[in-house]
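As structure tokens, the structure follows; a few thoughts come after it.
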Amino acid sequence: MSLTRRDFARNTAITGAGVALAGSVGALATAPNALASYDTDSAEGTADARHGVGYGPLVPDPRGILALPAGFTYRVITHSGKTKLESGEYTPSNHDGTAAFDGPRGTTLLVNNHELKGPRANWTHPVPLTEGLVYDPAAAGGCTVVEVRPDGRVAEWVGIAGTSTNCAGGRTPWGTWLTCEENSDKAGVNGMTKDHGYVFEVDPGDRRANRDPKPLKFFGRYDHEAVVIDPRRGHAYLTEDASGPNGLFFRWTPPKGFSHGPGKFRRLADDAGVLQAPKCFDSGGKFVDDLSRATRIGTVYGVDWVDVPDRDARTTPVRKQFGDRDVTRARKLEGMWWGDGGAYIVSSYARDESPVQHDGQVWFYDPKRRTLTLKVLLGVNPDPAEGGAFDGPDNITVSPYGGLVIAEDGEGVQHLFGATDSGRTYPIARNELNIGTAQEPQYSEFAGVTFSPDGRTLFASIQTPGILLAITGPWKRQKRN
């Protein structure tokens, strides 16, 4: 049933005071031209720590890998080209989206994407082609499963191989991982032997369940980024990282009578369920063409859903099947995480291709109200080389200590940073591994941010060269303001 403009206007009028409060109290910015400013200062966290937000300034790392607040430590779990899989090959490179699961006998299992695009020959450490786990033998990407044991020992093996550009993905309520291909090359393009641009399911606890990988075509074929599952209603929400035109986020409604669970997706037909794209409008009933139009924290849009004509994009990419006024788009739709009864959705930045420029947004989709609310807004960062501002949010997770933890994939210095429920930010970690030169330093993005099931360890990766880290310390509940 469509959410009418009249219904949305009435609901917004009722909750308008709350929206205004969020906008005035929770305005986040990390640049002078942004709506309001609760910046970290040059000491990266000193100002916020004085007000009870965050963990204080970051302390430089003598090992040159990861700066953390005082009292925090890290451990390298896997390192591409150094650590090895059970089969003897080196850990693949280009770590990306990750989720953590309870494993047997007190272990923690992580599924780690490897964002490797194109032919295997292009990469020194592609995901090994493990017998029975290969989709396309020409493709370099895939996932590994990492087991962290109570005594500290680590084991790693292949979960899926022969996929392309495994960027983010999403954890399911039944304990599996959905890995997303951020590349939609067809067979015959770039040496591929099968079509790409799909989602695949990986079970970290059942190796047999991962044999003979099957693309979940009912989710559509496009440059997938992330996916979440609504545990109550059964919908899947998915993001697309694309431009020309800007990408979309999607809702997939399962077929009537479908019951989620391990292995259930494999039994569905390629055209099962309904895939839809959003059409947003403001409280006055005006159509919103692009999410960058929102320039204030607390902005709320109503959402209707429009059917995708050809989800497998046989002749036309999905996002190009809609006219300018058919759907609402956004640049660099990236990470997602389910929490607080809805989906957190990242738009990493917007530039000249978008109506309004910014350096990052985080939205919250409420499936009950069918609304999108802007939770975090980063103004354009004028000097990314400086350490006091954040830009380019990417992977995201909901923190057990309140608010969000966000992996930065921006320009210049790269951080893990937190955002409180009101949108205020604070630093958690800084990448100090210079992969450039002393004269022109370069720092890889952070990725795969996720907490252990018990909430004691924050896992995150430095994408290049590919290092999975475990961060522990005096975590505390974050204040809202």
Side-chain angles (χ1 to χ4, degrees), residues 19-48 51 53-54 58 241 243 246 280 282 288-301 328-335 344-364 372-396 403-428 430 443 445-446 478 480-481:
V19 172
L21 178 64
S24 59
V25 175
L28 163 74
T30 56
N33 62 335
L35 176 64
S37 181
Y38 289 114
D39 273 347
T40 56
D41 62 12
S42 59
E44 283 194 318
T46 302
D48 280 336
H51 294 89
V53 175
L58 303 180
D241 183 0
S243 60
N246 283 347
C280 299
D282 64 20
V288 179
D289 62 337
D290 195 282
L291 293 182
S292 68
R293 298 282 186 189
T295 58
R296 287 186 176 273
I297 298 296
T299 296
V300 182
Y301 293 145
T328 300
R329 304 180 185 276
R331 183 72 173 99
K332 289 291 290 180
L333 288 165
E334 295 273 2
Y344 288 92
I345 305 168
V346 172
S347 171
S348 194
Y349 62 78
R351 292 293 183 266
D352 291 341
E353 78 291 323
S354 302
V356 181
Q357 295 190 20
H358 62 75
D359 257 347
Q361 296 176 328
V362 180
W363 292 84
F364 179 77
L372 274 172
T373 302
L374 184 59
K375 293 289 189 178
V376 175
L377 174 63
L378 304 178
V380 175
N381 186 353
D383 191 357
E386 292 296 320
F390 306 126
D391 62 272
D394 194 328
N395 286 181
I396 187 172
L404 306 170
V405 177
I406 301 169
E408 191 176 16
D409 178 15
E411 300 293 331
V413 180
Q414 305 293 316
H415 296 86
L416 296 175
F417 65 95
T420 67
D421 292 338
S422 63
R424 190 171 189 165
T425 58
Y426 57 91
I428 295 174
R430 182 180 63 244
Y443 301 94
E445 68 180 89
F446 278 107
Q478 295 298 318
R480 286 183 57 86
N481 300 322

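Taken from CG in D394 to OG in S347, the straight-line distance is 11.0 Å, to the nearest 0.5 Å.
Here the side chain of E408 pairs no donor or acceptor atom with the backbone of F446 at under 3.5 angstrom. In this structure a side-chain-to-backbone donor-acceptor pair under 3.5 Å is missing from S348 to K332. Between the side chain of D391 and the backbone N or O of N381, no donor-acceptor pair lies under 3.5 Å. A donor-acceptor contact shorter than 3.5 Å is absent between the side chain of E334 and the backbone of N395.
By the 4.5 Å heavy-atom criterion applied to side chains, D241 and R331 are counted as neighbours. Taking 4.5 Å as the limit, some side-chain heavy atom of H415 sits within range of a side-chain heavy atom of L58. Counting heavy atoms from C-beta on, the side chains of I345 and L372 come closer than 4.5 Å. Counting heavy atoms from C-beta on, the side chains of S354 and Y349 never come closer than 4.5 Å. Between D289 and R329, the closest side-chain pair of non-hydrogen atoms is not below 4.5 Å.
Listed by chain and residue number, nothing satisfies the salt bridge (Lys or Arg N to Asp or Glu O under 4.0 Å) test with E411 (two or more places apart in sequence, or in another chain). A294 meets the side-chain contact (heavy atoms from CB on, under 4.5 Å) test with T299, Y301, Q361, W363, L374; sequence neighbours excluded.
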Under the criterion side chain to side chain contact (heavy atoms under 4.5 Å, CB included), I'd like the reasoning laid out for D359 against F390: C-alpha separation, chi angles, the key distance, then a yes or no. CA-CA 8 Å; D359 257 347; F390 306 126; over 6 Å; no
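Counting all heavy atoms, side chain and backbone alike, S292 lies closest to P355 at OG-CD, 3.2 Å. Pairing each heavy atom of F417 with each of P393, the nearest pair is CZ-CB, 4.5 Å. Shown here for E445 and Q414, the closest heavy-atom pair between the two residues is CA-OE1, 3.8 Å. Smallest separation of non-hydrogen atoms from A419 and V376: CB-CG2, 4.0 Å. Of all heavy-atom pairs spanning L291 and C280, the tightest one is CD2-SG, 4.5 Å.
When each of V362, V346, L378 is paired with I406, the side chain to side chain contact (heavy atoms under 4.5 Å, CB included) condition holds for V362 and for no other.
Between the side chains of D352 and Q357, at least one donor-acceptor pair of N or O atoms lies under 3.5 Å.
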